[in-house]
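Heads up, the thing below is written out as structure tokens.
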Amino acid sequence: MANFETLDDLPGDLSGKVALVRVDLNLPMQEGRASDVTRVKAVKPTILDLSDRGAKVLLMAHFGRPKGQRHSTMSTSMVQGDVERVLDREIMFIPEVMGPVVDQAISILGDGDIGLLDNLRFWPGEEANDPEFAKGIAQHGDLYVNDAFSAAHRAHASTEGLAHLLPSYAGRAMEAELKALDAALGNPDRPVMAVVGGAKVSTKLDVLQNLVRQVQHLVIGGGMANTFLAARGVDVGKSLCEHDLTDTANRIMDEADHAGCTVHLPYDVVVATEFAVNPPSLRTCNVHEVQPEEMILDIGPQAVEALGDALKTCRTLVWNGPLGAFETPPFDTATVALARTAAALTQDGSLTSVAGGGDTVAALAHAGVADDFTYVSTAGGAFLEWMEGKELPGVAALTR
Ligand code: ADP
Ligand code: MG
């Protein structure tokens with residue numbers, strides 16, 4: 001496992017020190033309030049740990065896409081109230097990220113107090129990872145903590161540059177994420193099963209290419225499975241299918257063969273002629289019996305049972321992408337069933353299960369098992385890039 005320092009490597013007493021803490025406060029908003037504060041809850045332990053040790057904590061975050069200019073609607077002050085509610089602490093909003101205003105704020109803050117800097121992305125130096133911009137921020141701090149794994153795939157001043165300028169530490173959420181990812185793909189117990197589903201192969205080609213070299217079982221579900229089935233000569237009717245990618249699909253299956261990775265495609269599927277809740281045309285059939293006017297919207301019960309059996313022989317599961325169009329019942333059936341099997345195996349202690357991806361997180365929550373997986377990543381883009389086997393600049397900078 002890559003080596004990085006954590007809050008455990010910091011002294012117990014941080015009074016008089018200023019901690020610059022990169023967090024993800026890019027909250028979904030509805031009518032001026034966050035509609036989901038999961039991201040704040042995730043960084044709460046880090047913030048309170050540093051504060052309890054007496055550090056002055058300066059939170060750094062981006063909010064929206066202001067593209068290097070101030071926009072009052074994209075100020076981090078928009079989420080100040082939400083952050084205060086989750087932390088159950090008052091925080092001071094600071095409408096700059098460097099300079100005399102920040103100096104003055106720091107002089108007003110007492111030990112253990114928390115400040116919130118304005119949106120880093122108001123300044124072009126943030127996304128450009130401008131060393132002068134990073135230096136301007138760094139001069140206000142004694143140490144740098146990165147607790148925003150979800151931004152770690154970007155080499156920005158606050159996610160990468162600062163780590164070169166100050167003693168750097170992974171926050172608690174970052175630490176948990178890195179440990180979970182390491183247990184899933186870095187240094188996993190074998191055999192490993194990867195489940196890749198979702199709508200399209202084109203968005204996940206790099207993921208598939210990396211996984212066939214890393215895992216023993218690759219399950220392809222969702223709309224992606226249709227492209228792979230088509231590549232094998234199956235007529236998928238009106239299903240979502242990228243016919244231009246069938247050669248690519250065949251190449252991935254060849255690579256899997258060479259690497260000793262078993263690719264699991266469904267033998268049976270759930271089809272309908274219209275995409276609706278419980279449509280009258282709903283039926284389950286063998287993949288070779290799909291009619292020209294039908295769409296494959298989920299994988300079938302036999303396929304799910306076979307996957308459950310294969311999963312029971314595995315020690316590690318990494319999952320991205322639902323197996324079917326899970327938002328529309330009953331096309332959630334396969335996803336829910338496999339999620340519950342994985343959750344039960346995890347709770348029995350025989351499986352390490354790590355999942356991520358926006359819709360995947362929603363699907364696991366829908367199945368009621370999000371808390372029963374070993375780890376569920378809400379990091380989106382960073383999680384996918386990690387599944388692609390890419391080095392994440394924010395992580396690399398911490399693990400120098
Ligand atoms: P994630 O956000 O977890 O990475 P994706 O965005 O790749 O997942 O894919 C999720 C979407 O794929 C869902 O909206 C789901 O409805 C869709 N999907 C899954 N299976 C099918 C299918 N057979 N046909 C059409 N859409 C599908
Ligand atoms: Mg998605």
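Numbering of residues begins at 1 and proceeds along the displayed sequence. Numbering of ligands and ligand atoms starts at 1, following listing order.
Using modelled atom types, one finds a donor on one side chain and an acceptor on the other under 3.5 Å when comparing N320 with K204. Side-chain N/O atoms of S158 and E126 include a donor and acceptor closer than 3.5 Å. Checked by atom type, the side-chain pair R89/S51 shows a donor-acceptor distance below 3.5 Å.
Atom 1 (P) of ligand 1 has its nearest heavy-atom neighbour, among D359, V236, V361, in D359. Taking only non-hydrogen atoms, the option from G381, G324, G358 nearest to atom 20 (N) of ligand 1 is G324. Considering only non-hydrogen atoms, atom 4 (O) of ligand 1 lies nearest to N320 out of N320, T328, V207.
With hydrogens left out, the protein atom closest to atom 3 (O) of ligand 1 is T360 OG1, 2.4 Å, a heavy atom. Looking only at protein heavy atoms, the nearest one to atom 21 (C) of ligand 1 is G223 N, 3.3 Å. Looking only at protein heavy atoms, the nearest one to atom 26 (N) of ligand 1 is L240 CD2, 4.0 Å. The protein heavy-atom contact nearest to atom 23 (N) of ligand 1 is I296 O, 3.1 Å. Closest to atom 11 (C) of ligand 1, if we only count protein heavy atoms, is A199 N, 4.0 Å. Considering only non-hydrogen protein atoms, atom 9 (O) of ligand 1 sits nearest to G198 CA, 3.1 Å. In terms of protein heavy atoms, atom 7 (O) of ligand 1 is closest to K204 NZ, 2.7 Å.
By the 6.0 Å contact criterion, CD on E289 is enclosed, its count of non-hydrogen atoms from other residues, nucleotides or ligands being greater than 12. When the shell of 6.0 Å around CD of E305 is examined, it contains 12 or fewer heavy atoms from other residues, nucleotides or ligands. More than 12 heavy-atom neighbours from other residues, nucleotides or ligands sit within 6.0 angstrom of CZ on F275. Applying the 6.0 Å contact sphere to CZ of R70 captures more than 12 heavy atoms from other residues, nucleotides or ligands.
Between V101 and P95, some side-chain heavy-atom pair lies under the 4.5 Å cut-off. You'll find the side chain of L181 reaches within 4.5 Å of the side chain of F149, heavy atoms only.
Of all protein N/O/S atoms, those under 2.8 Å from the Mg ion (ligand 2) are D359 OD2, and waters are not counted.
For the side-chain contact (heavy atoms from CB on, under 4.5 Å) test with L265, the passing option among I299, I220, V234 is I220; the others fail.
When non-hydrogen atoms are compared, ligand 1 lies under 4.0 Å from the side chain of E327 (C-beta onward) but not from its backbone. Residue contacts with ligand 1 for M295 are absent, since no atom lies close enough (heavy atoms, distance under 4.0 Å).
Judged as a side chain to side chain donor-acceptor pair (under 3.5 Å), the pairs with a partner in residues 276-287 (not counting sequence neighbours) are, in order, T273-S281, E274-S281, R283-E294.
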**Request:** Check the pair D24, R39 against salt bridge (charged side-chain N to carboxylate O under 4.0 Å, His left out), reporting the backbone distance first and the verdict last.
**Result:** CA-CA 6 Å; D24 183 352; R39 287 175 163 165; 3.1 Å; yes
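Of all atoms in ligand 1, numbered sequentially from 1 with element shown, those under 4.0 Å from a heavy atom of L297 are 23 (N).
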